[in-house]
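Here the structure is a predicted model, which is why all the values come from computation and not from measurement.
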2 protein chains.
Amino acid sequence: MIRVLIADDHGIVRSGLTMLIERQADMTVAAEAQDGLEAVERALSERPDVAVLDVSMPRMTGLQAARQIRSHDQATHVLMLSMHEDDGYFFEALEAGASGYVSKRGADSDLIDAIRTVANGRTFLSSRTQGALMRQWLEDGHTGPRDDLTPRELEVVKLIAEAYTNRQIAEALTLSEKTVESHRGNVLAKLGMRDRVELVRYAIRRGLVEP
Amino acid sequence: MIRVLIADDHGIVRSGLTMLIERQADMTVAAEAQDGLEAVERALSERPDVAVLDVSMPRMTGLQAARQIRSHDQATHVLMLSMHEDDGYFFEALEAGASGYVSKRGADSDLIDAIRTVANGRTFLSSRTQGALMRQWLEDGHTGPRDDLTPRELEVVKLIAEAYTNRQIAEALTLSEKTVESHRGNVLAKLGMRDRVELVRYAIRRGLVEP
DNA sequence: CTTCATATGAGCATTGTCGCCCATCGCCGC
DNA sequence: GCGGCGATGGGCGACAATGCTCATATGAAG
């Protein structure tokens with residue numbers, strides 16, 4: 001019996017998913033959550049085989065929740081549910097430890113197949129595009145490291161996205177303002193961005209901070 | 001028997017809604033559609049009692065579809081389904097001829113109640129907030145403020161969150177940079193914020209832009 | 001041992017942002 | 001018609017952010 005955790009902030013969607021899963025002979029819904037934080041709590045207490053997480057949820061995104069769950073419990077496999085198949089969260093989801101990525105646009109059978117696949121410890125991709133992307137991602141040696149950014153740079157980006165000024169970041173990290181500017185400048189160059197506004201969007205996409 | 005049309009671009013959501021409705025003794029799903037245009041076609045051919053339309057769909061939004069359906073067939077009542085209860089589409093939905101507005105965040109029983117309510121030609125509101133808004137809307141003769149922000153200010157905020165500089169916004173809107181700064185300044189004051197970084201987060205929270 | 005990445009920091013010039021005050025115009029409600 | 005608000009803009013000053021170049025120390029990788 002595959003025990004599944006459902007996390008989605010839309011009650012109606014949750015009901016639909018639950019009915020879908022309960023209709024399968026080999027699956028049962030172990031818990032439901034209506035936001036990311038609750039998803040992490042329920043995942044750690046219920047220890048389901050599969051956690052189905054919506055990408056976008058209040059309090060904590062699906063990406064952040066996936067990181068939390070995977071870092072505490074490798075036995076729970078994460079299946080990410082997204083609105084659009086072409087959104088930018090695909091790679092981030094894999095880096096956050098997700099074993100599968102399914103679009104809500106897909107058929108319900110896709111979701112069921114995906115749950116069975118990731119429950120067995122394998123990886124599920126919902127579209128051909130993503131299959132190609134995945135192969136490229138693996139070939140590029142992205143198997144271990146998760147970032148272009150160094151830990152220090154990540155810290156700075158996080159604070160920038162929290163609306164800290166360079167000076168405030170310098171104080172918070174006990175650095176010179178100049179050093180903060182260096183890190184920020186290096187990050188902008190690495191990501192091909194122009195200003196902190198783009199960085200904020202990046203940080204939110206990556207689930208580094210909450211909107 | 002209440003005959004229902006389901007229109008949503010997310011297959012998994014469609015399945016959930018269909019199961020939910022088919023489980024009711026007095027309802028049946030007469031048709032499904034995966035975008036707005038198809039929703040109009042199916043509504044006009046099947047003439048369901050209730051058309052449940054997602055606000056955001058490809059090819060034609062739920063709002064446009066509602067207008068089309070209502071202008072051709074007053075017998076079909078439209079129930080609008082939205083992602084967030086606080087999005088700006090509430091008033092527009094009513095103006096487009098919707099008889100009800102339900103958030104996907106609500107419980108499944110809300111949706112079922114809403115379908116029965118609008119099938120009887122009455123109006124359904126899914127949340128207390130919307131009840132209050134509705135009363136105000138009726139009292140004000142639908143001059144309802146959906147935000148603290150004026151339309152112009154919303155435009156500017158949107159562009160700020162898209163990483164436009166003041167100068168670029170001025171060009172895009174054919175304005176002076178000074179005017180853009182005025183709008184931005186007024187918005188910052190209204191929302192009690194300090195800089196554009198906070199505005200970006202606000203805009204993303206509000207769903208004005210994608211991260 | 002040398003090379004490379006990371007972290008740290010400076011100087012200087014340019015551009016962007018923000019706060020504050022002000023003015024005009026048009027529209028709407030009383 | 002008066003008063004308020006929204007949209008439009010100007011001016012000025014202070015501060016923040018960005019670009020560019022450069023320098024140093026450290027530790028890991030070769």
Taking NZ from B:K178 and C1' from D:dG11, how many angstroms apart are they, rounded to a whole number? 7 Å

Axis-to-axis angle for the helix from C:dC1-D:dG30 to C:dC30-D:dG1, ends of five pairs each, to 10°, equals 40°

Between the side chain of A:E153 and the main-chain N/O of A:T150, is any donor-acceptor distance below 3.5 Å? yes

What's the CG-P distance between A:L199 and D:dT18, to the nearest Å? 8 Å

Value in whole Å for how far the P atom of C:dT15 lies from CZ of A:R194: 16 Å

From D:dA16, D:dA7, C:dC18, pick the nucleotide closest to the side chain of B:L188? C:dC18

In this structure, how many angstroms lie between the C1' atom of C:dT8 and the CD atom of A:E153, rounded? 13 Å

Separation of atom CD1 in A:I169 from atom C1' in D:dA17, rounded to whole Å: 11 Å

For a quick test of reading the model: is some side-chain N or O of B:R167 closer than 4.0 Å to OP1 or OP2 of C:dT15? no

Side chain of B:T150 (C-beta onward), nearest among D:dG6, D:dA17, C:dT6: D:dG6

Kindly say if A:S182 contacts the phosphate of C:dA7, meaning a side-chain N or O under 4.0 Å from OP1 or OP2. no

Contact class for A:D195 (heavy atom, under 4.0 Å): base, sugar-phosphate, or nothing? sugar-phosphate

Check the phosphate of C:dC18 against B:R184, side-chain N and O only, distance under 4.0 Å to OP1 or OP2. Yes or no? yes

Rounding to an integer number of Å, can you tell me how far B:N166 CG sits from C:dC18 P? 7 Å

Would one find a side-chain N or O of B:R152 under 4.0 angstrom from OP1 or OP2 of D:dT8? yes

Integer-rounded Å distance: D:dA7 C1' and B:L175 CG: 9 Å

Is the distance from OP1 or OP2 of D:dT8 to the nearest side-chain N or O of B:T179 less than 4.0 Å? no

What does A:E181 touch in the nucleic acid at a heavy-atom separation under 4.0 angstrom: a base, only the sugar-phosphate, or nothing? base

Can you tell me if the side-chain N/O atoms of A:T165 get under 4.0 Å from OP1 or OP2 in D:dC15? no

Atom-to-atom span, CG of B:N186 to C1' of C:dG19 - whole angstrom: 12 Å

OP1 or OP2 of D:dG10 sitting under 4.0 Å from any side-chain N/O of B:S176? yes

